[in-house]
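Remember, it's a predicted structure, so these values are computed and weren't measured experimentally. These values consider heavy atoms only, across backbone and side chains, with no hydrogens, waters or symmetry-generated copies. Every chain is numbered from 1 and lettered A, B, ... according to where its sequence line falls, protein lines coming before strand lines.
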Amino acid sequence: MKNSIKDFYDRTFAHYGDLKWWPAKNPFEVAVGAILTQNTSWKNVEKALKNLRDEDRLSPQAILRAPIYALTESIRPSGYFNQKALRLKAFVEWFDDELDCEFASPDTISTAELRNKLLALKGIGPETADDILLYAFKRPVFVVDAYTYRIAVRHDWAPPLAGYDELAEVFRSNLEEDLFIYQNFHAILVEIGKNFCIKKSPKCDSCPAGKCPDFEGAREFSE
DNA sequence: TTCCTGAATT
DNA sequence: AATTCGGGAA
């Protein structure tokens, strides 16, 4: 039926195809990018990643041995650099201690347990944890972010007060549990959220998703 | 000036 | 519930 989540995915997938997310060379860079992109445009994260790469600091061992102040300078363009340097360090130390710097398979540790361990780290909240689970550990978890929330509310898929888990459940219950669909759906939501379903003055007329219930009103999004 | 693929603190 | 962290681009 129209305006269903499944129909939305089918239409947008026909337009975008496989977006091949997450944009990173390897799973470790996915995790680093996930932390650096918290409330930050990807453009700025790319600058930070380039600095890390140019300075040979984009590996677990390099980050383990780098002093915080050095990390801070490398990632400065991504913003919140003081916090993120600590968060990056904390994550890699855990990744080394707990997993020996390897992305564990499901029979070693369950997705639920892994998620709890990630959430226990300072600086890893539900979105960052799920990004890492979905794109680095390849676990089928549905990622919710600001774009997901905005698009869902504008489609009346969820109430404006919906919390993270509630919103994730709305999507899970309307899709088959499939790694590729979860990975690509989130990629599509980001693409549409960034380019069309933007916060103010959304470009509904050219949106690849077609008309959502908010189209006629073209009202601006408010939280 | 606003906004950006959030999370912790108060 | 409100504030804090932040450079970069529009």
Side-chain angles (χ1 to χ4, degrees), chain A residues 9 12 16 19-24 27 29-52 54 68-92 94 115-137 139 141-154 158 160-168 171 181-203 207-209 220-223:
Chain A
Y9 181 71
T12 54
Y16 286 109
L19 290 173
K20 304 184 186 306
W21 263 44
W22 181 292
E29 294 190 14
V30 170
V32 174
I35 291 170
L36 295 184
T37 199
Q38 291 170 352
N39 199 36
T40 299
S41 70
W42 185 250
K43 203 82 172 185
N44 289 358
V45 175
E46 286 181 319
K47 295 177 183 300
L49 288 173
K50 175 171 172 31
N51 288 343
L52 288 172
D54 290 349
I68 292 295
Y69 72 86
L71 292 177
T72 300
E73 290 315 303
S74 299
I75 69 173
R76 183 170 287 273
S78 71
Y80 304 133
F81 38 82
N82 287 311
Q83 308 179 23
K84 287 176 179 175
L86 294 173
R87 292 173 181 187
L88 200 51
K89 193 78 162 178
F91 167 76
V92 179
W94 168 84
R115 188 172 196 268
N116 285 334
K117 288 178 181 294
L118 285 168
L119 290 176
L121 297 173
K122 292 304 177 189
I124 307 283
E127 304 187 26
T128 307
D130 288 343
D131 277 334
I132 294 173
L133 287 169
L134 180 62
Y135 296 108
F137 285 92
R139 307 296 178 99
V141 299
F142 195 90
V143 175
V144 172
D145 66 352
Y147 293 145
T148 312
Y149 173 74
R150 192 161 66 225
I151 292 171
V153 170
R154 281 176 170 165
L161 294 178
Y164 188 99
D165 292 327
E166 180 184 355
L167 194 45
F171 284 88
I181 292 178
Y182 283 1
Q183 289 182 329
N184 207 46
F185 203 142
H186 179 62
I188 287 173
L189 288 175
V190 171
E191 207 58 34
I192 291 178
K194 187 162 62 176
N195 299 312
F196 300 97
C197 201
I198 53 186
K199 199 165 185 179
K200 296 165 73 171
S201 311
K203 303 175 181 176
C207 182
E220 292 188 351
F221 187 81
S222 58
E223 22 227 310

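- Here A/Y149 contributes atom OH and A/L189 contributes atom CG; the two are 15.0 Å apart, rounded to the nearest 0.5 Å.
- Rounded to whole Å, the separation between the P atoms of C/dT3 and B/dT2 comes to 15 Å.
- By the 30° and 60° cut-offs, the orientation of the rings of A/H186 relative to A/Y135 is tilted.
- In this structure, the side chain to side chain contact (heavy atoms under 4.5 Å, CB included) partners of A/L19, at least two apart in sequence or on a different chain, are A/Y16, A/W21, A/N184, A/A187, A/I188, A/E191.
- Applying the 4.0 Å criterion to OP1 and OP2 of B/dC4, one finds that A/K194 has every side-chain N and O outside that range.
- Rounded to an integer number of Å, the gap from A/E191 CD to B/dC4 C1' is 15 Å.
- Considering only heavy atoms from C-beta on, A/W94 stays 4.5 Å or farther from A/I124 through its side chain.
- For the atom pair A/K84 NZ and A/N82 CG, the distance stands at 11.5 Å (nearest 0.5 Å).
- A salt bridge between A/K43 and A/E46 is absent, with no side-chain N of the basic residue lying under 4.0 Å from a carboxylate O of the acidic one.
- A heavy atom closer than 4.0 Å to some atom of DNA chain B occurs in A/Y80, A/Q83, these being the qualifying members of residues 77-85 of chain A.
- Going from atom OH of A/Y80 over to atom CG of A/N39 covers 4.0 Å, rounded to the nearest 0.5 Å.
- Between the C1' atom of B/dG6 and the CZ atom of A/F91 lies a distance of 16 Å, rounded to the nearest Å.
- Here A/I124 lies in heavy-atom contact (under 4.0 Å) with sugar-phosphate atoms only.
- One P atom belongs to B/dA7, the other to C/dG8, and the distance between them is 23 Å to the nearest Å.
- Not a single donor-acceptor pair under 3.5 Å links the side chain of A/E29 to the backbone N or O of A/L49.
- We find the CG-CZ distance between A/L36 and A/F81 to be 13.0 Å, quoted to the nearest 0.5 Å.
- Applying the side chain to side chain contact (heavy atoms under 4.5 Å, CB included) test to A/E127 and every residue at least two apart in sequence or in another chain returns A/D145, A/Y164.
- Here the range on DNA chain C touched by chain A, meaning any atom under 4.0 Å from one of its heavy atoms, is C/dC5 to C/dA9.
- Scored by the side chain to side chain contact (heavy atoms under 4.5 Å, CB included) test, A/A70 finds A/R57, A/P67 as partners (sequence neighbours excluded).
- With DNA chain B read from its 5' end, the first of the two nearest nucleotides for A/L119 and A/V143 is the one closest to A/V143.
- Residue contacts for A/I75: at a heavy-atom cut-off of 4.0 Å it reaches no nucleic acid atom on any strand shown.
- Residues of residues 33-47 of chain A that place a heavy atom closer than 4.0 Å to DNA chain C, in numerical order, are A/N39, A/T40, A/N44, A/K47.
- Computed from coordinates, the A/I132 CD1 to B/dG6 P distance equals 14 Å when rounded to whole Å.
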